[in-house]
Novice: 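Sharing a structure with you now.
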Amino acid sequence: MAINRTFTMIKPDAVEKGHIGAILEKIAASGFRIVAMKLTQMTKADAKEFYGIHKERPFFADLVEYMTRGPIVAAILEKDNAVDDFRTLIGATNPEEAAEGTIRKIYANSISENAIHGSDSDENAAIEGAFHFSGREMF
Ligand code: IDP
Ligand code: MG
C-alpha cells in the first residue's frame with residue numbers, strides 16, 4: 001500500500017478535557033508520522049467552509065458552534081494507507097457504535113462531540129490539509 005497523508009483535528013471537547021497528549025501518543029503508536037501540526041481556533045466562517053458539505057443537515061449550526069468554541073489541534077499525518085487506517089483508529093462517528101480501543105470510543109461524549117476528525121478520502125485529505133496549513137508548515 002502506498003504512503004499517503006490524512007488530515008485530523010483534535011476537536012474542542014477533547015482539548016478542553018486535556019486529552020491532546022494521550023491522543024497524540026495513540027496516533028504515534030499507530031505508526032503515523034506528523035507532517036504538520038498546530039493549536040488553532042476556527043472562525044465561524046472557517047467552520048462553515050470546512051463543513052460545507054453538511055450545510056443542509058439539521059445539526060449544522062450546532063456543529064459550527066461546537067467546532068469554534070475553543071482551540072483545536074490540526075495536523076497532517078503520513079503513513080501507508082493513512083486515510084483508511086486513521087478512520088479505523090478513530091472509530092465510528094457515533095462513539096456508541098465505535099469499536100473498543102478506538103479514539104472516539106475512549107474519548108468522545110456523543111455523536112456531535114466526538115473528539116476527533118479524520119479525512120474520508122485522499123482528495124479531501126489534501127483539501128482539508130491545505131485549508132489549515134501553508135506549504136512552509138508541512139514537513
Ligand atoms: P465523520 O466526522 O465521522 O466523518 P460526518 O458524517 O462527516 O462524520 O459528520 C461530521 C461531524 O458532524 C461529525 O464528526 C460530528 O461532529 C457531527 N455530526 C455528524 N452526524 C451528526 C448527528 O447526527 N448529530 C449531531 N452531530 C453530528
Ligand atoms: Mg466526515
Side-chain angles (χ1 to χ4, degrees):
M1 189 62 71
I3 292 270
N4 64 7
R5 292 179 173 190
T6 193
F7 172 77
T8 187
M9 298 182 285
I10 301 176
K11 296 181 175 183
D13 56 316
V15 173
E16 286 158 11
K17 289 191 283 181
H19 294 319
I20 294 173
I23 290 173
L24 290 179
E25 195 148 303
K26 210 163 163 51
I27 290 170
S30 301
F32 292 88
R33 182 177 82 82
I34 296 168
V35 172
M37 187 166 69
K38 65 183 164 194
L39 192 67
T40 185
Q41 185 164 1
M42 287 200 283
T43 65
K44 296 271 172 14
D46 288 336
K48 285 178 185 167
E49 184 180 339
F50 188 92
Y51 282 113
I53 193 167
H54 295 305
K55 66 176 184 293
E56 307 300 340
R57 309 285 288 275
F59 57 81
F60 185 66
D62 287 344
L63 177 61
V64 170
E65 193 62 36
Y66 158 55
M67 287 301 300
T68 59
R69 78 178 185 216
I72 60 166
V73 174
I76 298 172
L77 305 171
E78 188 175 78
K79 186 186 167 302
D80 56 79
N81 202 34
V83 168
D84 289 347
D85 284 2
F86 195 72
R87 294 288 299 199
T88 300
L89 178 65
I90 71 177
T93 307
N94 184 349
E96 287 175 15
E97 292 163 12
E100 287 304 323
T102 59
I103 291 173
R104 283 170 166 167
K105 183 70 172 187
I106 298 168
Y107 297 109
N109 295 329
S110 65
I111 191 170
S112 52
E113 300 203 3
N114 59 3
I116 192 160
H117 169 82
S119 304
D120 62 9
S121 65
D122 288 351
E123 185 191 1
N124 284 335
I127 292 168
E128 292 170 1
F131 185 87
H132 282 273
F133 294 99
S134 70
R136 285 194 305 166
E137 297 175 302
M138 300 178 196
F139 295 92

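Predicted model, so just to flag it, every value in this text is computed and none were measured. Order of listing sets the numbers, starting from 1, for every ligand and every atom in it.
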Novice: Do the numbers put Lys38 on top of the ring of Phe133, so that NZ or CZ is under 6.0 Å from the six-membered ring centre and no more than 45° off the axis?
Specialist: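 The answer is yes; both the distance and angle limits are met.
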
Novice: Who passes side chain to side chain donor-acceptor pair (under 3.5 Å) against Tyr51, sequence neighbours left out?
Specialist: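 Counting only residues at least two positions away or on another chain, Tyr51 forms no side chain to side chain donor-acceptor pair (under 3.5 Å).
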
Novice: Hey, which residues fall under 4.0 Å of ligand 1 on heavy atoms?
Specialist: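 Residue list for ligand 1: Lys11, Tyr51, His54, Phe59, Leu63, Arg87, Thr93, Arg104, Ile111, Ser112, Asn114.
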
Novice: If we count only N and O atoms by modelled type, under 3.5 Å, do the side chains of Thr43 and Asp46 hold a donor and an acceptor together?
Specialist: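 Thr43 vs Asp46: donor-acceptor pair found between side chains.
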
Novice: Tell me who clusters with Ile53, hydrophobic residues only, linked when side chains sit under 4.5 Å apart either directly or through other members.
Specialist: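 Besides Ile53, the hydrophobic cluster comprises nothing; the residue is isolated.
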
Novice: Over 60° means perpendicular and under 30° means parallel, so tell me whether Tyr107 and His19 are parallel, tilted or perpendicular.
Specialist: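 The rings of Tyr107 and His19 sit tilted, inter-plane angle from 30° to 60°.
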
Novice: Check ring pair (Phe, Tyr, Trp, His ring centres under 6.0 Å) between Phe60 and all other residues, then give those that pass, not counting sequence neighbours.
Specialist: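 Testing Phe60 for ring pair (Phe, Tyr, Trp, His ring centres under 6.0 Å), a comparison that skips the adjacent residues, returns none.
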
